[in-house]
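Heads up: the structure comes next, in structure tokens.
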Amino acid sequence: MERQSSGVLVQRRSRQSYRSYVGSHLGFTPGFTQRRLTTSRVAAARGRRGARAPGGRGAAEASPAQLALLAREWQLSYVTPLYRFRHDQLRSYARQLGAFLAAETRRGEAAEAGLQDGLKVSITLVAGMAQTEEDPDAVFIQMHSKRQFAAPDDAPRLAWSGWLACVGGDADYLRSLPPDFVCLPLLGASGAEGLTALVKAWFRRTFDCCFGPLEINSVNLQWLAALWTDCHAQTSIQQLKLVWSLPVEPPLQVTYTVHPQDAWELWKSVRQPGERGEEEVGEEDGSIAIEEVARFIKGLQSHFYRHFRVELSAEQLTQVSTALGAAKHSGRLKISNSSYMITTLTLLTECALLKMPI
């Protein structure tokens, strides 16, 4: 792919909120939330904060629970604040959830999910995910069960897993919550849909919360494309793959695969400082501005149009993937590198907070 010189000139950043930029795309109602989308983000490799382990600060290696989040596809949902949720009661919650699922199994409600008796549920803390003092610690849920005709020495199989997290959440909003509420707005679930529905039902009944689907809109997929490409100098993205959906009959998808070095050269060209104000942050401190994301995507689209005469800017971006991860508009997420997990989940936490109807 050729480097694009036209259409990616550095422009002075506006001080408008990210919400004003994407409000027309997302259709947010002002009454839903007073939280604001950000106009810049910290790049994953150069500006990432050290992970916070429970009880202290500082950089930390990926915990076993964090590693369990890798190489698996998660279906995302948003979660409203949990009422009277206590992190020191996780073992008790695991027993209660296990008893609830066992009762549903006896009633036949879990048969569709293939759940059998002898289910073991564990709920544990995920160290190193919270990035500020306001962020509650993430929790990881696993369910293991033995197959109906398994041999006595057969190891239990993983029937379902999921996690609840708040990574880099809006500090003002988190401080505004009453003391009895804990905000873990991002749910990732991997397993049978029937089991996911049962887990959500238990959480709703126990903590008076609500769940909803968390789609990743085109603008946030563009953010992920830029954030992951920015990591190429430290960890090769191998390739940048983008999928656009064209509103034609029959439905048509355009898959656009970019060589990693070409993507990196284009990204560097839109990152060159030149017209930035003195008060504005930039490449020196690892931040990325929304204007840079827009110029990066426009550069890719311009190259595609020059060769194929298809205008992708009028279509919807539905999927982004690199060696670091993959994300789909439907809310499917796969994280493949623990080093850049925090930046990815910070963006998705913001999406979840903005999606909540409170």
Is there side-chain contact between [X] and [Y], with at least one heavy-atom pair below 4.5 Å?
X	Y	answer
Ile335	Tyr340	no
Asp262	Leu266	no
Thr257	Leu240	no
Trp74	Leu187	no
Thr124	Val139	no
Pro251	Glu249	yes
Leu347	Leu227	yes
Gln75	Pro213	no

Output yes when [X] and [Y] qualify as a salt bridge under the 4.0 Å nitrogen-oxygen rule, no when they do not.
X	Y	result
Glu291	Lys298	no
Arg332	Glu73	yes
Arg86	Asp180	yes

Determine the interplanar angle of the [X] and [Y] rings, folded into 0 to 90°, and report it as parallel if under 30°, tilted if 30 to 60°, perpendicular if over 60°.
X	Y	result
Phe207	Tyr93	perpendicular
His232	Trp264	tilted
Phe203	Phe211	perpendicular

Note to self: Apply side chain to side chain donor-acceptor pair (under 3.5 Å) to residues Glu311 and Ser313 and explain how you reach the verdict.
What the structure shows: CA-CA 6 Å; Glu311 184 55 75; Ser313 62; 2.6 Å; yes
Item checked: Least distance between heavy atoms, Cys183 atom then Leu177 atom -> CB-CD1, 3.5 Å
I'd like to know if the side chain of [X] reaches the main chain of [Y], judged simply by a donor and an acceptor atom lying under 3.5 Å from each other, with no hydrogens or angles considered.
X	Y	value
Asp137	Leu125	no
Lys120	Pro156	no
Thr196	Ala192	yes
Arg309	Tyr305	yes
Ser161	Gln142	no
Asn220	Ile216	no
Asp135	Gly169	yes

Nearest 0.5 Å, please: how far is [atom2] in [Y] from [atom1] in [X]?
X	Y	atom1	atom2	value
Ser287	Glu292	OG	CD	7.0 Å
His303	Tyr256	NE2	OH	4.5 Å
Asp170	Asp172	CG	CG	5.5 Å
Leu345	Cys351	CG	SG	11.0 Å
Arg205	Phe100	CZ	CZ	5.0 Å
Gln238	Thr322	CD	OG1	8.5 Å

Note to self: Using the rule that Ile, Leu, Val, Met, Phe, Trp and Tyr join whenever any side-chain heavy atoms are under 4.5 Å apart, tell me whether Leu158 and Ile123 fall into a single cluster.
What the structure shows: no
Next item on the list: Please check if atom CZ in Arg91 has more than 12 non-hydrogen atoms from other residues, nucleotides or ligands closer than 6.0 Å.
Entry: no
Check: When the ring centroid of Phe85 is compared with that of Phe181, is the distance short of 6.0 Å?
Finding: no
Item checked: Close aromatic pair by centroid cut-off 6.0 Å: Phe296 and Trp267 -> yes
Checklist line | Residue pair Tyr78, Thr349: steps toward the side chain to side chain contact (heavy atoms under 4.5 Å, CB included) verdict | finding: CA-CA 9 Å; Tyr78 71 82; Thr349 294; over 6 Å; no
Check: Taking it one step at a time, do Ile288 and Asp230 satisfy side chain to side chain contact (heavy atoms under 4.5 Å, CB included)?
Finding: CA-CA 9 Å; Ile288 295 174; Asp230 189 77; 4.0 Å; yes
Item checked: Check against side chain to side chain contact (heavy atoms under 4.5 Å, CB included), Val79 and Leu184 -> CA-CA 7 Å; Val79 190; Leu184 292 167; over 6 Å; no
Next item on the list: Begin with the C-alpha distance, continue with both residues' side-chain angles, and end with the deciding distance and a verdict on side chain to side chain donor-acceptor pair (under 3.5 Å) for Ser321 and Lys334.
Entry: CA-CA 9 Å; Ser321 63; Lys334 183 177 181 180; over 6 Å; no
Notebook entry, point to check: Does the side chain to side chain contact (heavy atoms under 4.5 Å, CB included) test come out yes or no for Leu317 and Val243, once each step is laid out?
Noted result: CA-CA 6 Å; Leu317 182 61; Val243 178; 5.7 Å; no
Next item on the list: Any chance you could lay out the side chain to side chain donor-acceptor pair (under 3.5 Å) test for Ser269 and Glu265, step after step, and finish with the verdict?
Entry: CA-CA 6 Å; Ser269 74; Glu265 291 296 327; over 6 Å; no
